[in-house]
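Owing to the predicted nature of the structure, the values given are computational and were not obtained by experimental measurement.
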Amino acid sequence: MTIEIRPLHDAFGAEVIGVDLSQPLGAEEFATVHRAHLDHGIILFRDQTLTPEQHKAFSRRFGPPEIHVVSWYRLPDHPEIIVVSNKKDAEGRPLGLEDAGRYWHSDMSYLPTPALGSILYAVEVPPTGGATMFASMHAAFDALPPERKESLAKMRAVHHFGSRWYREKDKAGIRPPMTKEEEEKTPPVDHPIIRTHPENGRKSIYTGGFSMGVVGMAQDEALEFLDDLDAFMTQPQFVYTHEWRAGDVVFWDNRCTMHHATVYDAQKHTRHMHRTTIKGDKPV
């Protein structure tokens with residue numbers, strides 16, 4: 001079957017039709033999928049059935065896995081996979097992170113070398129709610145006036161995992177505290193606010209929900225500055241909202257997109273997903 005690339009949004013995103021991710025991709029198939037990912041930032045595959053090994057094998061075609069710093073929600077025997085779920089085991093303990101990503105962010109931007117991309121596989125989805133919004137940081141950068149691009153290119157944002165984790169823990173009350181080891185693994189780091197994509201050469205705004213400060217700026221001023229920047233980047237013309245179906249696989253490029261999970265009725269419905277993350281490179 002010929003692979004078809006069908007756009008999802010005017011600014012970015014595409015559905016890839018004619019690929020079975022449970023099978024190894026041939027060289028030509030992989031080249032087409034890789035090109036679509038670079039061109040569109042987000043690619044969607046419908047009607048997939050993946051074992052954890054098949055999920056990991058597809059991810060590894062793009063690079064080595066990045067293991068999530070928080071160990072609580074890793075899939076047993078598959079540390080490369082983090083579980084996003086409201087399911088519980090027989091003792092009532094969470095099987096996954098229920099409130100994952102309910103704020104605009106780029107995955108693992110808090111690392112010295114942040115993630116290249118993330119691949120999320122929908123095993124079970126609720127009948128309503130639980131969509132994921134994506135924002136194109138390429139499109140947002142392109143929309144900036146020249147003088148704004150120039151000023152932002154001289155600035156660096158401070159990213160910190162722990163600050164966001166505790167903010168979400170206090171908000172929902174369903175996250176455990178981080179361990180001392182986890183906190184020590186994720187000290188604050190700073191990255192350029194404007195980064196250049198290492199593969200397609202395009203520029204994007206690189207901040208999001210793990211950005212907790214700006215180098216050389218007072219904290220209150222920095223937070224207001226970052227909030228305003230996020231509001232600019234998440235205008236409707238830059239956002240695609242994905243309504244999940246069971247069997248969907250979405251692969252997004254963390255170097256040029258942000259995402260934001262939306263709520264659903266976790267008391268009535270199940271949302272169970274597996275996510276891998278691929279190691280990236282130092283932003284420049």
Would you kindly confirm whether [X] and [Y] end up in one hydrophobic cluster when ILVMFWY residues are joined by side chain heavy atoms under 4.5 Å apart?
X: L116; Y: I43; result: yes
X: F134; Y: F141; result: no
X: V19; Y: L38; result: no

Measuring from atom CZ of R46 to atom CH2 of W244, what distance do you get when rounded to the nearest 0.5 angstrom?
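Interatomic distance, R46 CZ to W244 CH2, rounded to 0.5 Å: 9.0 Å.
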To the nearest 0.5 Å, atom CD1 of I194 lies from atom CG of L152 at 5.0 Å
[X], [atom1]: over 12 other non-hydrogen atoms inside 6.0 angstrom:
X: E28; atom1: CD; result: no
X: D89; atom1: CG; result: yes
X: E150; atom1: CD; result: no
X: E91; atom1: CD; result: yes

Aromatic ring pairing Y240/F12, orientation class (parallel under 30°, perpendicular over 60°, tilted between):
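Plane angle over 60°, so perpendicular.
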Classify the angle between the aromatic ring planes of F45 and F58 as parallel (below 30°), tilted (30 to 60°) or perpendicular (above 60°).
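Aromatic pair F45/F58 classed perpendicular.
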State which residues pass side chain to side chain contact (heavy atoms under 4.5 Å, CB included) with D281; sequence neighbours excluded, sorted by chain then number.
R195, P198, R255
Go through the structure and list residues passing side chain to side chain contact (heavy atoms under 4.5 Å, CB included) with L75, not counting sequence neighbours.
P52, H78, I81, V83, H274
Which heavy atom in [X] sits nearest to a heavy atom in [Y], and how many Å separate them?
X: P283; Y: P112; result: CD-O, 3.9 Å
X: P94; Y: Y73; result: CB-CE2, 4.2 Å
X: A115; Y: N254; result: O-CB, 3.4 Å

Under 4.0 Å between a Lys/Arg side-chain N and an Asp/Glu carboxylate O for E80 and R74?
no
Considering only NZ, NE, NH1 and NH2 on the basic side and carboxylate oxygens on the acidic side, decide whether D142 and K203 come within less than 4.0 Å.
no
With a 6.0 Å cut-off on the ring centroids, do [X] and [Y] count as close?
X: F30; Y: F62; result: yes
X: H105; Y: H260; result: no
X: W252; Y: H259; result: yes
X: Y110; Y: H160; result: no
X: H37; Y: F251; result: yes

Between R275 and T277: side-chain donor-acceptor atoms closer than 3.5 Å:
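Short answer, yes.
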I5 vs H40, side chain to side chain contact (heavy atoms under 4.5 Å, CB included): CA-CA, chis, key distance, verdict
CA-CA 10 Å; I5 309 298; H40 297 280; 3.8 Å; yes
N86 side-chain N/O to E98 backbone N/O, donor-acceptor pair under 3.5 Å:
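No, because the side chain of N86 does not come within donor-acceptor range (under 3.5 Å) of the backbone of E98.
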Out of K87, R245, R271, which one pairs with E124 under the salt bridge (Lys or Arg N to Asp or Glu O under 4.0 Å) rule?
K87
Identify each donor-acceptor pair in which a side-chain atom of residues 221-230 lies under 3.5 Å from a protein atom, sequence neighbours left out, and give them as a table.
{"from": "D230", "atom 1": "OD1", "to": "T207", "atom 2": "OG1", "distance (Å)": "3.2"}

